[in-house]
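Taking it in order: structure first as structure tokens, then the write-up.
We name chains A, B, ... by the order of the sequence lines, and we start the count at 1 in each one.
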Amino acid sequence: MYRYDEFDHAFVHQRVAQFRDQVARRLSGELSEDEFKPLRLMNGLYLQLHAYMLRVAIPYGTLSSRQMRCLAHIARRYDKGYGHITTRQNIQYNWIKLTEVPDLLADLAEVEMHAIQTSGNCIRNVTADHFAGAAADEIEDPRLWCEIIRQWSTLHPEFSFLPRKFKIAVSGAAKDRAALRVHDIGVQICRNDAGEIGFEVMVGGGQGRTPMIAKTIRKFLPKAELLSYLESILRVYNQLGRRDNMYKARIKILVHEMGADALAEMVEAEWRQVREGFVDLPEAEVARIERYFAPPPFDPAAGSDSGLDTARRADSEFDRWLEQNVDAHRQPGYAIATISLKSDGGVPGDIDAAQMEAVADLAERFSFDELRATHQQNLVLPHVRKGDLYELWQSLKAHGLAIANRGLISDIIACPGMDYCSLATARSIPVAQAISARFQDLARQKDIGDLRLNISGCINACGHHHVGHIGILGLEKKGVENYQITLGGRADGEAAIGAIVGPAFSAEDIVGAVETVVDTYLDLRETGEPFIDAYARLGREPFKERLYAAH
Amino acid sequence: MPLIKNGAIAEDAWQFPADDAPLPGQGPVAISLERWQREREVLQARRAPLGLLVKSDTQVEDFAADLAEFELIALDFPTFRDGRPYSAARLLRERHGYTGELRAVGDVSRDQFLFMHRCGFDAFQVSSGGALEGWLRAVSEISIWYQPTGDPRGALGTLRHRRAAAE
């Protein structure tokens with residue numbers, strides 16, 4: 001993974017000192033809260049219902065053991081002993097004191113981390129396929145380009161006061177695991193007819209109160225020109241994006257209002273001028289960064305390991321975990337293991353300091369010191385030797401982390417909701433907990449099969465409800481929480497926005513309603529037909545009928 | 001409101017008459033784009049330096065052809081949240097080769113200085129007091145930049161290139 005050189009180190013330390021000064025000016029009263037707000041937001045610091053919340057960047061979701069141990073230290077030293085993995089592969093802490101933030105950031109800087117641009121109207125921390133560099137279906141590792149984008153976008157002087165936040169995701173695999181089509185810019189590594197590798201660029205996706213699927217504005221962009229092209233998109237957006245209404249300020253609205261073709265033309269026109277004088281990264285610099293993402297020293301003999309089948313036969317619980325949480329690796333003899341952070345009755349994405357340290361140890365022992373955070377709020381050990389999987393699983397089990405539910409109904413994405421967030425209109429966490437308790441039986445979950453259930457506690461959609469196969473949106477009506485169900489959303493290569501199925505349900509009824517949706521599916525599915533395919537075939541009506549039949 | 005130029009407090013010789021106010025008899029004036037388009041001949045006949053006060057929703061292309069007429073371009077920030085003048089500044093400096101004074105006016109405070117400076121602004125009409133000391137500090141808070149702009153300070157790609165060449 002990427003390592004800071006002396007310049008990156010110096011930069012992050014300067015940024016910490018700058019923020020220390022800004023905090024001091026806030027504490028002395030020189031800055032009002034209004035003046036301080038944009039400054040703290042540019043450093044991932046929110047003022048929530050009960051305390052400050054700090055969102056720490058995990059660039060493109062990649063972490064080392066040392067970094068994970070530092071995150072555990074921060075949970076203990078500055079928070080209540082835990083953290084929360086977010087839907088943008090970051091981690092946030094919910095109980096932070098303003099006076100301690102500069103020290104916290106200094107601790108992060110020691111392990112080459114920061115909280116820069118994890119909030120605010122700027123280019124946010126770039127996300128990637130969490131199986132990058134490991135996935136069997138990958139054309140090329142996207143993280144080289146993520147790191148290049150990270151550096152380019154860091155304190156970009158022209159794009160730090162955009163109309164609204166701006167999110168970029170990159171994937172190098174055939175299957176879209178990075179939700180590219182619900183990002184402001186989705187970058188897909190692809191091959192053109194001549195066999196050269198470059199990028200397909202999609203623009204204008206997003207969730208929030210006006211969910212939209214991104215449109216492709218360039219089918220093939222040569223690799224060397226990525227930054228000049230991104231700069232052109234951002235410049236057009238910075239100049240033309242709406243600033244009169246914050247709910248209409250994302251680039252998706254610009255794309256919607258002017259049309260993708262017209263926007264593509266403007267970007268191309270800008271690009272023709274930008275690329276003239278643009279100082280692209282020298283090839284030597286690209287090569288320097290690329291070396292950090294070279295594959296780890298895999299053992300070529302690992303492919304001949306045979307212990308795995310024996311262990312599977314001997315231990316059915318291990319077998320279930322293997323089937324559910326382990327994916328094919330590009331390197332023979334290796335596998336990708338997902339660590340589910342969706343324990344029965346737990347808070348989706350929460351991880352305590354002891355678990356962080358345990359996971360750091362396991363990454364060191366079994367995965368070349370590397371970890372990933374996923375936008376589904378889980379963790380991944382990307383490079384595990386197949387012969388080590390049984391031992392890994394036993395260790396995970398000892399820490400309550402061997403939950404075999406990845407991709408099942410209890411693998412819920414949920415925002416913090418009204419338990420923490422000042423924007424929320426309803427609670428999300430208790431709903432997630434109640435659903436995971438209702439569907440506790442793993443055999444039943446397995447029978448239901450692949451199902452994405454996402455919960456947001458308000459219209460801003462941080463819990464990605466629009467792209468859940470089953471989406472739940474928490475609203476408030478006359479002081480009472482109620483929950484709307486959407487069906488048929490998906491965030492993958494065939495991205496779609498879910499359709500509202502009907503009137504909302506009360507907090508008491510929502511879990512039963514979800515169960516009704518699931519039972520309807522089970523009754524109507526054809527052999528081997530996953531939920532999302534059955535929904536595509538059946539449409540909303542049969543679900544609606546069953547849900548509202550009694551009313 | 002103090003004016004900071006090239007790292008020091010500067011005297012401001014410029015007048016900014018409102019669009020419906022008469023032009024002052026002499027001295028440099030900065031006017032709106034509308035007034036420039038309307039009273040071009042009158043303004044040129046004054047034989048005094050001319051400047052343009054540009055609203056943030058104006059596109060640089062709308063006055064780029066007339067740049068040679070102006071010694072001052074003042075880009076207005078109606079609020080610090082409005083980031084359009086950063087793009088305008090870079091276009092003026094880097095695309096249109098404007099070399100005159102490029103002044104930030106409006107909601108301009110210390111924590112934006114560094115970004116503005118990097119985009120090519122060289123003068124700042126600041127809205128808060130204690131400005132100079134803060135400005136001097138603000139422009140030196142970060143010395144490493146990841147992206148090239150028209151700013152003479154080299155971006156990191158260049159620094160790394162130089163390091164590699166020296167090795």
Check this for me: B/Glu11, atom CD, are more than 12 non-hydrogen atoms of other residues, nucleotides or ligands nearer than 6.0 Å? no

Measuring heavy-atom distances to chain A, does B/Gln59 have an atom under 4.5 Å in its side chain, in its backbone, in both, or in neither? side chain

Measuring from atom CH2 of B/Trp145 to atom NE2 of A/His156, what distance do you get when rounded to the nearest 0.5 angstrom? 10.5 Å

Residue A/Met1 excluded, over 12 heavy atoms near CE under 6.0 Å: yes

Distance from B/Ile144 atom CD1 to A/Gln14 atom CD, nearest 0.5 Å? 5.0 Å

Please name the pair of heavy atoms, one in A/Gln151 and one in B/Gln147, separated by the smallest distance, quoted to 0.1 Å. O-NE2, 3.9 Å

Which atom of B/Leu114 lies closest to which atom of A/Gln18, heavy atoms considered: CD2-NE2, 4.1 Å

Could you measure the distance from the CD atom of A/Glu158 to the CD atom of B/Glu94? Nearest 0.5 Å is fine. 7.5 Å

SB check B/Arg95 A/Glu270 (cutoff 4.0 Å): yes

With a 4.5 angstrom heavy-atom cut-off, is it the side chain or the backbone of A/Glu231 that approaches chain B, or both, or neither? side chain

Euclidean distance, B/Asp111 CG relative to A/Asp21 CG, rounded to 0.5 Å: 8.0 Å

Got a sec: does the OH of A/Tyr247 have more than 12 other heavy atoms crowding it under 6.0 Å? no

For chain B, which of A/Pro38, A/Pro163, A/Gly241, A/Ala17 has the most heavy-atom pairs under 4.5 Å? A/Pro38

Is there a side-chain contact between A/Ser160 and B/Gln112, using heavy atoms and a 4.5 Å cut-off? no

With side chains defined as the heavy atoms from C-beta onward, is the minimum distance between A/Phe159 and B/Ser87 less than 4.5 Å? yes

Contact check, side chains of B/Tyr146 and A/Leu155, non-hydrogen atoms, under 4.5 Å: no

Cut-off 4.5 Å, heavy atoms of chain B, and the answer for A/Asn121 is neither

Please classify the contact of B/Asp57 with chain A as side chain, backbone, both or neither, using a heavy-atom distance under 4.5 Å. neither

Out of curiosity, B/Leu91 CG to A/Arg235 CZ, how far, rounded to the nearest 0.5 Å? 4.5 Å

d(B/Arg110 CZ, A/Leu39 CG) to nearest 0.5 Å is 9.5 Å

Measure from the ring center of A/Phe161 to the ring center of B/Phe77 and say whether it is less than 6.0 Å. no

Choice from A/Leu162, A/Asp8, A/Leu240 maximising heavy atom contacts with chain B below 4.5 Å: A/Asp8

Crowded around A/Glu283 CD? As in, over 12 foreign heavy atoms under 6.0 Å? no

Side chain / backbone / both / neither for B/Arg81 at chain A, heavy atoms under 4.5 Å: backbone

